[in-house]
Engineer: 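One structure follows; several queries about it will come next.
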Amino acid sequence: MMDADGDQVVTRHDYLSRIDRTVVATGRTEDDPLVVTARAEGVKAWGEMDGDGDGKLTFDEYNAWVGADKFDNICRFALGALFDLADADGDGALDKAEFTTLRTALNNPADNAAAAFDALDTDGDGRVARDAYLASIRAYIVGDGSPMGEVLY
């Protein structure tokens with residue numbers, strides 16, 4: 001998902017282009033404070049992930065790095081900032097269209113994104129809250145099982 005060009009390595013460009021795609025998909029402008037925050041959090045997360053500073057992240061490097069602590073202290077902020085870009089009305093939840101916009105900007109097929117939304121919308125109100133979204137990604141990363149992860153990946 002993070003390997004935008006499919007070369008089996010995530011580069012700084014690959015990782016940060018997720019923000020570019022989300023900005024374009026959501027119609028935000030560069031001076032939007034949410035865009036500024038998303039870019040800052042993305043750069044911070046990349047700096048932590050690319051521990052050796054070579055500008056590349058292999059699957060093995062990522063797998064060795066990622067975990068609950070890294071999610072809680074680094075990834076949560078970068079992923080939350082992307083969620084906020086898609087939250088058009090700023091209410092802390094995404095409807096299915098906003099969710100699909102976000103997930104397709106992050107390189108998930110639209111059908112998978114729609115299925116992930118359905119898996120997370122457990123009360124059927126047509127919305128997925130920020131906390132539920134981030135908790136599902138965390139669960140996937142730490143191996144606790146994630147209904148969203150099961151249909152996205």
Side-chain angles (χ1 to χ4, degrees), residues 1-46 48-50 55-59 62-63 65-66 70-71 74-153:
M1 184 182 70
M2 291 189 294
D3 181 12
D5 61 11
D7 67 354
Q8 305 302 305
V9 175
V10 178
T11 64
R12 184 177 195 277
H13 177 266
D14 287 334
Y15 185 76
L16 296 178
S17 70
R18 301 168 355 127
I19 301 163
D20 298 335
R21 291 189 306 273
T22 305
V23 169
V24 169
T26 60
R28 302 243 181 213
T29 60
E30 287 301 317
D31 61 345
D32 185 318
L34 294 175
V35 172
V36 173
T37 298
R39 292 201 184 284
E41 292 297 338
V43 167
K44 179 179 172 184
W46 175 256
E48 293 291 329
M49 285 188 286
D50 184 23
K56 300 180 285 186
L57 185 66
T58 66
F59 177 79
Y62 176 76
N63 200 37
W65 177 82
V66 77
K70 301 298 187 194
F71 183 86
I74 299 164
C75 299
R76 176 174 60 98
F77 300 104
L79 294 168
L82 293 174
F83 181 99
D84 295 342
L85 290 176
D87 184 6
D89 61 7
D91 68 350
L94 301 181
D95 63 24
K96 194 170 202 171
E98 292 168 328
F99 185 92
T100 302
T101 295
L102 172 61
R103 293 310 311 181
T104 55
L106 299 177
N107 284 338
N108 295 126
D111 289 346
N112 291 29
F117 178 88
D118 293 341
L120 287 177
D121 183 19
T122 57
D123 64 3
D125 71 350
R127 301 160 42 80
V128 171
R130 188 181 198 269
D131 288 343
Y133 174 77
L134 294 173
S136 184
I137 296 172
R138 185 186 192 279
Y140 180 77
I141 287 172
V142 302
D144 285 346
S146 163
M148 182 175 85
E150 291 173 18
V151 295
L152 280 178
Y153 311 107

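Every value quoted in this text rests on a predicted model; they were computed, and no experiment measured them.
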Engineer: Taking Asp14 for the side chain and Thr11 for the main chain, is one N or O donor matched with an acceptor at less than 3.5 Å?
Structural biologist: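 It does hold such a pair.
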Engineer: Which heavy atom in Gly80 sits nearest to a heavy atom in Leu134, and how many Å separate them?
Structural biologist: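 Closest heavy-atom pair between Gly80 and Leu134: N-CD2, 3.8 Å.
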Engineer: Shortest non-hydrogen contact from Phe77 to Glu41?
Structural biologist: CB-OE1, 3.3 Å
Engineer: Within a strict 4.5 Å, meaning less than it, do heavy atoms of the Arg21 and Asn107 side chains meet?
Structural biologist: yes
Engineer: Decide yes or no for Phe99 and Leu120: does some side-chain heavy atom of the first lie under 4.5 Å from some side-chain heavy atom of the second?
Structural biologist: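 Answer yes - side chains close enough.
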Engineer: CG of Leu57 to CH2 of Trp46: how many Å apart, nearest 0.5 Å?
Structural biologist: 5.0 Å
Engineer: For the CZ atom of Arg76 and the CZ atom of Arg138, what is their distance to the nearest 0.5 Å?
Structural biologist: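 Nearest 0.5 Å value for the CZ-CZ distance: 9.5 Å.
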Engineer: Quick one: does Leu102's side chain get under 4.5 Å of Leu85's, heavy atoms only?
Structural biologist: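 Side chain of Leu102 against side chain of Leu85, heavy atoms only: no contact under 4.5 Å found.
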Engineer: Specify the closest pair of heavy atoms between Ala38 and Ala81, including all atoms of both residues, with the distance to one decimal.
Structural biologist: CA-CB, 3.6 Å
Engineer: Find the distance between CD1 (Ile74) and CD (Glu48) and round it off to the nearest 0.5 Å.
Structural biologist: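 Answer rounded to 0.5 Å: 4.0 Å.
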Engineer: Looking at Arg39 and Asp20, does any basic side-chain N land under 4.0 Å from a carboxylate oxygen?
Structural biologist: yes
Engineer: Please name the pair of heavy atoms, one in Asp87 and one in Gly92, separated by the smallest distance, quoted to 0.1 Å.
Structural biologist: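 Closest pair (atom of Asp87, atom of Gly92, distance): OD2-N, 2.6 Å.
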Engineer: Any non-hydrogen side-chain atom of Phe117 less than 4.5 Å from a side-chain atom of Arg103?
Structural biologist: no
Engineer: Side-chain contact, heavy-atom cut-off 4.5 Å: Arg12 with Asp50?
Structural biologist: no
Engineer: Look at the aromatic rings of Tyr133 and Phe83 and report parallel, tilted or perpendicular, splitting at 30° and 60°.
Structural biologist: tilted
Engineer: Can a donor-acceptor pair be found, under 3.5 Å and without considering hydrogens, that links the side chain of Thr22 to the backbone of Arg18?
Structural biologist: yes
Engineer: In Å, rounded to the nearest 0.5 Å, how long is the span from OG1 of Thr37 to CG of Leu82?
Structural biologist: 11.0 Å
Engineer: Distance-only, no hydrogens or angles: does the Glu98 side chain make a donor-acceptor pair with backbone N or O of Asp95 under 3.5 Å?
Structural biologist: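 Yes, Glu98 side chain to Asp95 backbone: donor-acceptor pair under 3.5 Å.
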Engineer: Nearest 0.5 Å please: distance from the CG atom of Asp123 over to the CG atom of Asp121.
Structural biologist: 5.5 Å
Engineer: Kindly give the heavy-atom pair with the smallest separation between Thr104 and Ala113, and that separation in Å.
Structural biologist: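 Here Thr104 and Ala113 meet closest at CG2-CB, 4.5 Å.
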Engineer: In the structure I gave you, are the side-chain heavy atoms of Asp84 and Arg130 within less than 4.5 Å of one another anywhere?
Structural biologist: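 Heavy-atom side-chain distance check passes, below 4.5 Å.
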Engineer: Which heavy atom in Ala45 sits nearest to a heavy atom in Tyr15, and how many Å separate them?
Structural biologist: CB-OH, 3.4 Å
Engineer: Would you call Arg127-Asp91 a salt bridge at under 4.0 Å N-O?
Structural biologist: yes
Engineer: Does the side chain of Thr29 reach to within under 4.5 Å of the side chain of Val35, using non-hydrogen atoms?
Structural biologist: no
